[in-house]
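Below is one structure, written out as structure tokens; comments come after it.
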Amino acid sequence: MNVIEQDRDVLPTAPAVVRDNHDGETMRAIVLESFGGLESLVYTDIPKPLPKDGEVVIEVKGFGINHAEMHMRRGEWAEAAEVSGIECVGIVESCPGGEFPVGAKVAALMGGLGRTINGSYAQYTRVRAANVALIESDLPWSQLAALPETYATAWTCLFRNLKVKAGQTLLIRGATSSFGQAALKMAVAADAHVIATTRSRDRFPMLENLGAERVELERTDLAAHLAEAGQLHAVLDLVGNSTILDSLDMLRRDGSACLAGWLGGLDPIGDFNPLLRMASGVNLNFFGSFVFGSPGFPLSDVPLQQIAQQVAEGKLDAKPTRVFTFEQIHEAHRVMEAGAAGGKMVVVIE
């Protein structure tokens with residue numbers, strides 16, 4: 001997930017236990033036993049979720065690792081379910097409402113997963129149909145697992161909020177994050193001209209290899225040092241509140257900036273007066289992936305099937321940087337916590 005949408009002053013006192021009345025069937029799951037370090041994630045057997053109308057029970061085949069789950073594990077989130085995990089890919093086990101055929105390959109994202117309902121760190125999960133999308137593909141589960149959260153969010157920011165088109169110039173601030181890398185790849189595949197930023201010169205070659213036409217060192221006053229300032233069609237700002245006003249200064253008339261990440265921290269923008277600070281005719285918008293599945297934002301709107309096809313055809317590289325087994329969740333969280341992921345990490349359940 002790319003934003004912490006909850007009030008961080010309202011901390012949970014214990015992981016929320018979400019259990020069904022069940023028919024005796026159990027499944028293997030990674031349970032958040034308490035808040036704290038890696039030892040808080042414990043392997044155990046819990047009841048398998050029962051099917052309900054309007055919801056889909058999914059046999060989980062893989063899931064992405066996200067910073068949101070680290071915050072949940074530490075107790076830094078206002079909501080945290082007993083079973084973490086905000087996204088997954090897998091096979092439809094049951095779907096009483098008939099929204100998806102049994103046996104279909106699907107992706108699921110958010111809709112309370114890992115927060116108010118048990119998430120994807122388990123052999124099975126149950127999620128609302130509005131948070132599920134078909135993703136039939138011959139790609140391995142490890143590659144499909146890298147798509148839902150990262151690529152659904154990147155696609156929405158680029159092509160819904162920013163309406164990026166071929167030939168336009170786009171700046172991505174914070175491009176070395178897994179989300180930033182996905183957005184960079186998708187924008188390049190759409191024939192946009194991309195300038196990327198990073199805090200480390202060591203990351204310049206990586207971003208250039210992904211297709212950035214130029215890489216700039218991230219700074220809070222980048223607009224004063226960018227030749228294209230005042231001419232950009234779009235800015236995708238993943239650094240956040242500390243840079244978004246500077247991003248607005250780079251836009252041409254009718255240009256748009258999308259705020260979709262907080263790599264620079266969550267401190268609010270101070271003394272922001274649009275009348276005095278924004279140029280006429282530029283646009284500022286926001287996107288948070290927690291809205292997927294809400295009215296107006298069904299996950300089915302995102303062309304995950306098409307994205308998977310682009311990956312299969314070699315037009316889009318979505319390989320995860322690290323693939324872990326279900327038994328390696330502690331190592332996956334250790335790597336994430338150390339900031340050593342280098343991109344999207346996934347877990348595959350055999």
Other residues, nucleotides and ligands only: do more than 12 of their heavy atoms fall within 6.0 Å of [atom1] on [X]?
| X | atom1 | answer |
| --- | --- | --- |
| Glu136 | CD | yes |
| Arg28 | CZ | yes |
| Asp221 | CG | yes |
| Glu350 | CD | no |

Side chain Asn241, main chain Asp267, donor-acceptor under 3.5 Å: yes
Hey, is the main chain of Gln143 close enough, under 3.5 Å, to the side chain of Lys319 for a donor-acceptor pair? no
Can you check side-chain contact (heavy atoms from CB on, under 4.5 Å) on Phe204 and Leu217, steps first, answer last? CA-CA 9 Å; Phe204 279 32; Leu217 201 62; 4.2 Å; yes
Test log, rule salt bridge (Lys or Arg N to Asp or Glu O under 4.0 Å), inputs Glu87 and Lys344: CA-CA 13 Å; Glu87 63 172 323; Lys344 187 68 174 182; 2.8 Å; yes
Check the hydrophobic clustering (I, L, V, M, F, W, Y; side-chain heavy atoms under 4.5 Å; chains of links allowed) and say if [X] and [Y] are grouped together.
| X | Y | result |
| --- | --- | --- |
| Val42 | Ile46 | no |
| Phe286 | Val239 | no |
| Leu38 | Met345 | no |

Nearest atoms (heavy-atom pairs only) where [X] meets [Y]:
| X | Y | value |
| --- | --- | --- |
| Leu170 | Ala187 | CD2-CB, 3.7 Å |
| Asn285 | Ser256 | ND2-CB, 4.3 Å |
| Asp202 | Pro205 | O-CD, 3.5 Å |
| Met27 | Pro47 | CE-O, 3.8 Å |
| Val323 | Ser142 | CG2-CB, 4.0 Å |
| Met206 | Thr176 | CE-CG2, 3.9 Å |

Before giving the answer on side-chain contact (heavy atoms from CB on, under 4.5 Å), spell out for Leu236 and Phe287 the whole-Å C-alpha distance, their side-chain angles and the decisive distance to 0.1 Å. CA-CA 10 Å; Leu236 177 58; Phe287 185 77; over 6 Å; no
From Val57, Ile58, Val56, residue fulfilling side-chain contact (heavy atoms from CB on, under 4.5 Å) relative to Arg126: Val57
Per the side-chain contact (heavy atoms from CB on, under 4.5 Å) rule, which among Cys88, Ser84, Pro148 passes with Ser120? Cys88
Pair Ile195, Thr197 - check side-chain contact (heavy atoms from CB on, under 4.5 Å), show working. CA-CA 7 Å; Ile195 303 168; Thr197 77; 5.5 Å; no
Can you check side chain to side chain donor-acceptor pair (under 3.5 Å) on Glu313 and Gln309, steps first, answer last? CA-CA 6 Å; Glu313 293 173 354; Gln309 185 63 33; 2.8 Å; yes
Flag for His233-Gln168: side-chain donor and acceptor within less than 3.5 Å: no
Side chains of Arg214 and Leu226, heavy atoms from C-beta outward: is any pair under 4.5 Å? yes
Pairwise side-chain contact, Lys48 with Thr26, heavy-atom cut-off 4.5 Å (strictly under): no
Set out, in order, the CA-CA distance, both residues' side-chain angles and the distance that settles salt bridge (Lys or Arg N to Asp or Glu O under 4.0 Å) for Arg73 and Glu337, then state yes or no. CA-CA 11 Å; Arg73 192 197 78 223; Glu337 206 157 26; 2.7 Å; yes
Output, in order, the C-alpha distance, side-chain angles, deciding distance and verdict of salt bridge (Lys or Arg N to Asp or Glu O under 4.0 Å) for Asp246 and Arg173. CA-CA 11 Å; Asp246 186 61; Arg173 305 187 76 157; 3.1 Å; yes
Apply the test side chain to side chain donor-acceptor pair (under 3.5 Å) to residues Glu149 and Asn66: give CA-CA distance (whole Å), side-chain angles for both, the deciding distance (0.1 Å), then the verdict. CA-CA 9 Å; Glu149 160 68 13; Asn66 299 280; over 6 Å; no
Would you give me the side-chain donor-acceptor pairs under 3.5 Å for residues 295-302, sequence neighbours excluded?
none

Verify ring pair (Phe, Tyr, Trp, His ring centres under 6.0 Å) between Tyr43 and Phe326, making sure each step is shown before the conclusion. CA-CA 10 Å; Tyr43 291 84; Phe326 190 63; 5.8 Å; yes
So how far is it from Asp237 CG to Ile172 CD1, rounded to the nearest 0.5 Å? 11.0 Å
Does the side-chain contact (heavy atoms from CB on, under 4.5 Å) test come out yes or no for Glu216 and Glu218, once each step is laid out? CA-CA 6 Å; Glu216 296 280 348; Glu218 182 57 62; over 6 Å; no
Salt-bridge present (Arg334, Glu331; N to O < 4.0 Å): yes
